Protein chains: 2
Amino acid sequence: MTAGKIEDGAGISLDKMIQPTLLLLIYKKPSHGYELIQNYNALDPTEMVEPGTIYRNLRRMEKEGFVLSKWEASESGPARRQYEITGKGVAALQEAVHKLEHQKKQIEDFLDQYKKLAERGGI
Amino acid sequence: MTAGKIEDGAGISLDKMIQPTLLLLIYKKPSHGYELIQNYNALDPTEMVEPGTIYRNLRRMEKEGFVLSKWEASESGPARRQYEITGKGVAALQEAVHKLEHQKKQIEDFLDQYKKLAERGGI
DNA sequence: CCAACCTATGTGCAGAGTGCACATAGGTTG
DNA sequence: CAACCTATGTGCACTCTGCACATAGGTTGG
């Protein structure tokens, strides 16, 4: 699929920030995939992400050493893979913060450019 | 490849906004691929995009009806495919603006969350 | 008690997008 | 005429996503 997003008609795809968001959620509170799916999709119900994508990203981040997991029994229900962030993960989170600040600036520049054009008769 | 970005070590990939940026550049001034590559990569030299990617995006946007092109002779050098934006392209640009405003808000929320955690002893 | 449901994790497949490298070609200049 | 800049495009390998499906433990109502 659209390697990032859905084409909803006249759509141009803009991308998400799955891994940083997952890292931040785990940084706030260690938890497991299913819970992270709920929390992730609660943040922005207009941009829901597939469970499979969350699980795959968690395994990816574990392979890269950003998080580590261990199986834990649940009080009620199947066992869960509990994730916690590592030192490397915290560093990656900080790096993601810098990149997001940069990206925010890019978006602001874009919007400024657009507004300048739209004002002076463009639209 | 990373379907969006480069992994630079401890990197988490964050994505670009190639099509909206190209649309905005063409909206500002009709031009051809080679020139758009220069202008695009001048906007943010830390996030250079391959020529092939630009050309493919232009053809894609033409197929979707956001731009249209015609061959034009250059005063000096090979002929160029000159692009201009269509009505549908302007609409797509507006839609992209809305999405980017939304995305900006998401980034700001993320950064706020992070700062809150970092302050109270996190890092 | 067992069917239905929620919790919980994961995989196979097709489609889309990117980088890298390469191909092609017109025009200018030393 | 070789080297270079302009200019456009493609093949390949790789990554990522959505959709659909598979699996499985535990709870609850009929």
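If you're wondering where the values come from, they're calculated on a predicted model, not measured in any experiment.
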Any Lys/Arg nitrogen of [X] or [Y] sitting under 4.0 Å from an Asp/Glu carboxylate oxygen of the other?
X      : Y      : answer
B:K105 : A:E108 : no
B:E64  : B:R60  : no
B:K29  : B:E35  : yes
B:E84  : B:K70  : yes

Could you tell me how far apart [X] ([atom1]) and [N] ([atom2]) are, to the nearest whole angstrom?
X     : N      : atom1 : atom2 : value
B:W71 : D:dT8  : CH2   : P     : 6 Å
B:I54 : D:dT8  : CD1   : C1'   : 13 Å
A:Q82 : C:dA8  : CD    : C1'   : 12 Å
B:Q19 : C:dG17 : CD    : P     : 7 Å
A:L58 : D:dC16 : CG    : C1'   : 15 Å
B:L22 : D:dT8  : CG    : C1'   : 15 Å
A:E50 : C:dG12 : CD    : C1'   : 14 Å
B:N57 : D:dT10 : CG    : P     : 13 Å

[X] and [Y]: which non-hydrogen atoms are nearest, and at how many Å?
X     : Y     : value
A:G65 : A:K88 : O-CB, 3.5 Å
A:L22 : A:N57 : CD1-CB, 3.9 Å
A:M48 : A:N41 : CA-OD1, 3.2 Å
B:L58 : B:G33 : CD1-CA, 3.7 Å

>> Rounded at 0.5 Å granularity, tell me how far CE in A:M61 sits from CG in A:L23.
In response: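 A:M61 atom CE to A:L23 atom CG measures 4.5 Å (nearest 0.5 Å).
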
>> side-chain contact (heavy atoms from CB on, under 4.5 Å) for A:Y34 and A:Y55? Distances and angles first, verdict last.
In response: CA-CA 9 Å; A:Y34 192 80; A:Y55 286 117; 3.9 Å; yes

>> Let's go through B:Q113 and A:K28 carefully: what are the C-alpha distance in whole Å and the side-chain angles of both, what is the deciding distance for side-chain hydrogen bond (donor to acceptor under 3.5 Å, both in side chains) to 0.1 Å, and is it a yes or a no?
In response: CA-CA 9 Å; B:Q113 290 285 316; A:K28 280 165 75 173; 2.8 Å; yes

Closest to the [X] side chain: [options]?
X     : options                : value
B:I18 : C:dT18, C:dG10, D:dG9  : C:dT18
A:R56 : D:dT8, C:dT11, C:dT9   : C:dT11
A:R60 : C:dT18, D:dT17, C:dC20 : D:dT17

> Between A:G52 and B:V49, which is nearer to the 5' end of DNA chain C once each is assigned its nearest nucleotide?
Replying inline: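 On the 5' side of the pair lies A:G52.
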
Any side-chain N or O of [X] under 4.0 Å from OP1/OP2 of [N]?
X     : N      : value
A:R81 : C:dG10 : yes
B:T53 : C:dT18 : no
A:Y55 : C:dT9  : yes

> So which of residues 30-43 of chain A are in contact with DNA chain C, with a heavy-atom cut-off of under 4.0 Å?
Replying inline: A:H32, A:G33, A:Y34

>> Output one letter per nucleotide in nucleotides 23-28 of chain C: B when a protein non-hydrogen atom lies under 4.0 Å from the base, S when only the sugar-phosphate is that close, - when neither is.
In response: ---BSS

> In dot-bracket, 5' to 3', how would DNA chain C read with Watson-Crick or G-U wobble pairs under 3.5 Å, [ ] for crossing ones and | for pairs to another strand?
Replying inline: ||||||||||||||||||||||||||||||

> Can you check side-chain contact (heavy atoms from CB on, under 4.5 Å) on A:I85 and A:L68, steps first, answer last?
Replying inline: CA-CA 6 Å; A:I85 196 165; A:L68 52 86; over 6 Å; no

